[in-house]
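The structure under discussion appears below in the form of structure tokens.
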Amino acid sequence: MAPSRKFANSGRDPRTPSPSRLDGGSSATSSPERPVGPLSIPMPPEDREVIKVNNANLTELKHALDDALKRYLGRPDLFKQSYLHTDVRLALGWLSVFVAAGTALYGYKVEFEESKPLVWVGLLSYMALSVIQSLYAYFIEGNIVFVGRRKTFSKRIITERITISSTTTPVKKSKPPAYSLSLHYVRSTSGGKSLLAKGKTQSHKGYNAFFDGLGTLDQEKFEQWVGGLVEQAMQGKTS
């Protein structure tokens, strides 16, 4: 009779698990709130312009998708695009142009024998800057087409960083050329000291999945594909 009196007093069958046991204590170990992903912020149709390229030109196809990706993810509600790699390449390029122009002007105004030492210095500096620019583009920038950052506030400041690289997969037997993406995503707080999530995804799709026979890009379909990959990375998935 004791168990019956216990049940009557408590109003709950002791054989029924408590709510804390049912949810596995998830409230104590829940992960930090994940910021909104790109699929939750669709691109308004009026913001899109018709994109049409030559279907036979793989370079045009790739550049069209690269530009569409930047427009889609670089919107104010999503990621702020970083132009660091472009700025570095432009700085090195302009510096080499100034060195070449200054060397040419100096050689023009000064006697040949007298100008030779500085002309050689200018020539070697120009060559060195050109080599550095090429090495930077090949080894550091590589195939990166988009680097974005976003800061959100949810009880604390959360910083996100996403890096996306793209390449063209050539024709393989019966498979058409494909557009390949590689995404690396990091979400952190406390100035990067506390890692909240980290994900990396890779995928590819044939160009014919996004362009019709006339070379017109199906932007909504492409954005859905890119947004899905980004949200997979935001969830900390690796694929």
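Note that the numbering runs from 1 along the sequence shown for the chain.
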Partner set under side chain to side chain contact (heavy atoms under 4.5 Å, CB included) for S134, not counting sequence neighbours: none
Enclosure of I157 CD1 (heavy-atom neighbours >12, cutoff 6.0 Å): no
Pairwise ring pair (Phe, Tyr, Trp, His ring centres under 6.0 Å) hits with a residue in residues 125-148, at least two apart: H85-Y136
L65 side chain reached by L217 side chain, heavy atoms, under 4.5 Å: yes
Under 3.5 Å donor-acceptor, R156 side chain and S190 backbone: no
Rounded distance [0.5 Å steps], CG in L229 versus NZ in K237: 11.0 Å
Donor-acceptor pair, side chain of N55 and main chain of D212, under 3.5 angstrom: yes
Listed partners of K52 passing side chain to side chain contact (heavy atoms under 4.5 Å, CB included), at least two apart: L214, T216
Contacts of K205 that satisfy salt bridge (charged side-chain N to carboxylate O under 4.0 Å, His left out) - sequence neighbours left out: none
L118: side chain to side chain contact (heavy atoms under 4.5 Å, CB included) partners, not counting sequence neighbours: Y106
Under 3.5 Å donor-acceptor, Q81 side chain and G74 backbone: no
From CG (L78) to CZ (R149), nearest 0.5 Å: 15.5 Å
Test item: Q202 side-chain N/O and S182 main-chain N/O as donor-acceptor pair under 3.5 Å: no
Donor-acceptor under 3.5 Å (R89 side chain, E141 main chain): no
Spacing of E231 atom CD and L39 atom CG [to the nearest 0.5 Å]: 4.0 Å
Backbone of P38 reached by a side-chain donor or acceptor of Y72 within 3.5 Å: yes
4.5 Å side-chain heavy-atom contact, W225 and Y179: yes
With R48 via side chain to side chain contact (heavy atoms under 4.5 Å, CB included) - residues at least two apart: M43, P45, Q219, E220, E223
